[in-house]
Amino acid sequence: MYKTKIAGIGKYLPENVVTNHDLTKVMDTTDEWIQERTGIRERRYGTKHKESTTTMAARAAEVAIERAGTTKESIDFIIFATLSPDYFFPGCGVLLQRELGITNTEIGALDIRNQCSGFIYALSIGDQFIKSGMYKNILVVGSEMHSMGLDFSTEGRNVTVIFGDGAGAVVLQPSDDVSEILTTKLHSNGTHAEELAFINPGCHGGYHLGTEQFGYPDPNTYGGIFLTPKMVEEGMIYPNMNGQFVFKLAVQKFPEVIQEALVSQGLQTTDIDMFIPHQANLRISQFVQKILKLDDSKVWNNIQKYGNTTAASIPIALCEAWEAGKINKGDLVCLAAFGSGFTWGSALIRW
Ligand code: ACO
C-alpha cells in the first residue's frame with residue numbers, strides 16, 4: 001500500500017472585489033450586519049463571459065501542477081468538487097480536462113457533489129486511489145462561481161451576502177517520506193436535505209415538496225419539469241438556507257468529526273499545527289476553535305476577504321496558509337467541513 005502526499009497546491013481568486021458596501025446598493029443590508037453575523041468584509045465575483053467555475057479551477061490547477069513538479073499530460077485522474085457547475089451535465093471534470101488542454105484520453109474525470117464538504121470527499125477519494133496504486137498524479141479541485149446563481153434582491157440577502165467565487169487545487173502523488181494524508185473521515189445525514197439546498201431547476205417532479213408548489217403541469221403529462229414559469233416568477237430558482245439550523249448543527253459536527261480523526265491516529269488537539277476549517281462563517285470557525293482550545297496562530301481564516309467559497313474554501317485557505325509560510329514539512333494539518341446534505345468530514349495530513 002502506498003502513502004499519499006499533497007505534492008502541489010494552487011489557488012485562484014477573481015480580481016473583482018465586491019465589498020459589503022457594494023451589496024448595500026442592490027439590497028437592504030448593512031456592512032455592520034454582515035460583519036457581525038458572518039465576519040465577511042468582502043468577496044470576489046467572477047466576470048461573466050470571461051470566467052466560469054471551470055476556468056477558475058484551471059488557473060488554480062496550473063499553479064498546483066507546476067508546484068508539484070509535474071505536467072498536465074502526467075495527470076492521470078481528475079476529481080472536481082463544486083455545487084456551481086458550468087453545466088447541469090456534463091460535469092466540470094471533463095470541462096477542466098479540455099480547458100487544461102489535456103488530450104490524454106487514458107485518464108478519468110469524476111465530479112463530486114458534496115457542497116461545503118466536497119473538497120474533503122474529493123481528497124479522500126483521491127487518497128484511496130493513490131494508496132491502492134491505481135493512479136500516481138491526481139488533480140483534485142474545488143471551484144465555485146456562486147455569484148452567477150444568487151438572488152441579489154433583498155429576499156435573498158441572508159444567503160447572498162455569505163458567498164463568494166474562487167478555486168483551489170492540489171496534486172496528489174505517492175509519498176516516500178514523512179508527508180502523508182493520515183486519515184479522512186466522511187459522514188452524511190439526508191434527513192434535512194432541504195434546509196440548505198438549491199432545488200430548482202431539478203428533476204424531482206415535485207416528489208419531495210408537493211407538485212402544486214412548483215406550478216407543474218398535470219402530473220400525467222410528460223416533460224416540463226425542469227423549470228416552470230411559476231418557479232421563475234416566485235424566485236424559486238435560488239439557494240435557500242435555514243441559517244440558524246445550519247449553524248447549530250455545524251458547531252456540533254465540526255468538533256465531533258475532528259476528534260474522530262484525531263482519536264483514530266492516537267493524536268490530540270494539542271498536536272494540531274494548523275487547523276483549516278471550511279470557511280462557512282467566521283462565527284462557526286471561532287466557536288469550533290474555542291471548543292478545540294486552539295491558539296489563533298493555529299487556525300487559518302480568510303472568509304473576511306473571500307466569503308464562503310464552498311468546495312473551494314479549504315484548498316484556497318490551505319494554499320494561502322502554506323504560501324504565508326505557516327505550514328511546514330512534518331506539520332500536522334487538520335481540515336474539516338460541514339455543509340448541505342448534510343455532509344461533513346475531516347482530514348489529517350502530515351505535511
Ligand atoms: N442584512 C440585513 N439583515 C438581514 C440579512 C442581511 N444580509 N439577512 C437576514 N437579515 C435579517 C433577517 O431578515 C432577520 O430579520 P427579522 O428579525 O426582522 O426577521 C434578521 O436579520 C435575523 O435573521 P436570521 O436569519 O435569524 O439571522 P442569524 O442571526 O441566524 O444570521 C446567518 C444569519 C448569518 C445566515 C446565520 O444563521 C449563519 O451564519 N448560519 C450558518 C449558516 C452558514 O454558515 N451558512 C453558510 C453556508 S452553509 C455552509 O457552508 C455550512
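One-based numbering along the sequence shown. Note that ligands are numbered from 1 as they come in the structure, with each ligand's atoms numbered from 1 the same way.
Ranking protein heavy atoms by distance to atom 25 (O) of ligand 1, first place goes to Gln244 NE2, 4.7 Å. With respect to atom 35 (C) of ligand 1, the closest heavy atom belonging to the protein is Met241 CE, 3.5 Å. For atom 33 (C) of ligand 1, the nearest non-hydrogen atom of the protein is Trp33 CH2, 3.8 Å. In this structure, the protein non-hydrogen atom closest to atom 51 (C) of ligand 1 is Phe338 O, 3.0 Å. Closest to atom 1 (N) of ligand 1, if we only count protein heavy atoms, is Thr29 OG1, 2.6 Å. Protein heavy atom in closest approach to atom 49 (C) of ligand 1: Cys116 SG, 3.3 Å. The closest protein non-hydrogen atom to atom 46 (C) of ligand 1 is Asn308 ND2, 3.4 Å. Looking only at protein heavy atoms, the nearest one to atom 38 (C) of ligand 1 is Asn281 ND2, 3.5 Å.
Per-atom contact check: atom 19 (O) of ligand 1 does not touch the protein, criterion being a heavy-atom distance below 4.0 Å. In this structure, atom 14 (C) of ligand 1 has its sub-4.0 angstrom surroundings free of protein heavy atoms.
Listed by atom number, the atoms of ligand 1 under 4.0 Å from Asn158 heavy atoms are 8 (N), 9 (C). Within ligand 1, counting atoms from 1 as listed, the ones closer than 4.0 Å to a heavy atom of Val161 are 7 (N). Of all atoms in ligand 1, listed by their number and element, those nearer than 4.0 Å to a heavy atom of Ile162 are 35 (C). Interface of Leu196 with ligand 1, defined as ligand atoms under 4.0 Å from a residue heavy atom, comprises 48 (S). For ligand 1, the atoms lying closer than 4.0 Å to a non-hydrogen atom of Phe163 are 47 (C). Atoms of ligand 1 found under 4.0 Å from any heavy atom of Ile284, numbered from 1 in the order shown, are 44 (O). The Phe247 neighbourhood of ligand 1 comprises atoms 38 (C), 39 (O), 40 (N), 41 (C), with distances under 4.0 Å to a heavy atom of that residue. When each atom of ligand 1 is checked for a heavy atom of Thr38 under 4.0 Å away, the hits are 34 (C).
For Glu320 and Asn302, the side-chain atoms include at least one donor-acceptor pair closer than 3.5 Å. A donor and an acceptor atom, one from each side chain of Ser117 and Thr343, are located under 3.5 Å apart. Checked by atom type, the side-chain pair Lys293/Thr269 shows no donor-acceptor distance below 3.5 Å. In this structure, a donor-acceptor pair under 3.5 Å is absent between the side chains of Asn308 and Gln279. A donor-acceptor pair shorter than 3.5 Å can be found between the side chains of Glu144 and Thr82.
Pairs of residues two or more places apart, or lying in two chains, that qualify as ring pair (Phe, Tyr, Trp, His ring centres under 6.0 Å) and include a residue from residues 143-163 are Tyr45-Phe152, His146-Phe163.
Between Phe254 and Phe338, the ring planes lie tilted relative to each other; the angle falls in the 30° to 60° range.
Note on ligand 1: Arg283 sits outside its first shell, no heavy atom being nearer than 4.0 Å.
Applying the side chain to side chain donor-acceptor pair (under 3.5 Å) test between Arg43 and each of Asp165, Thr309, Asn20 identifies Asn20 as the sole match.
The closest heavy-atom contact to atom 28 (P) of ligand 1, among the options Gln279, Arg157, Glu155, Arg37, comes from Arg37.
At under 3.5 Å, not a single nitrogen or oxygen of Thr30, backbone or side chain, sits near a nitrogen or oxygen of ligand 1. Backbone and side-chain nitrogen or oxygen atoms of Gly243 are examined, and one is located within less than 3.5 angstrom of a nitrogen or oxygen of ligand 1.
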Hey, mind stepping through Glu62 and Lys72 against salt bridge (Lys or Arg N to Asp or Glu O under 4.0 Å) and telling me if it holds? CA-CA 8 Å; Glu62 283 161 353; Lys72 294 174 191 175; 3.6 Å; yes
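In His278, the part holding a heavy atom less than 4.0 Å from any atom of ligand 1 is the side chain.
Note that Lys136 lies outside the cation-pi zone of Phe129, set by a 6.0 Å cut-off to the ring centre and a 45° limit from the axis.
At least one donor-acceptor pair under 3.5 Å links the side chain of Ser346 to the backbone N or O of Val257.
Rounding to the nearest 0.5 Å places OG of Ser175 at 11.5 Å from NZ of Lys131.
Listed by chain and number, the residues in a side chain to side chain donor-acceptor pair (under 3.5 Å) with Thr160 amount to none (sequence neighbours excluded).
When all heavy atoms of Ala61 and Val141 are compared, the pair lying nearest together is CB-CG1, 4.4 Å.
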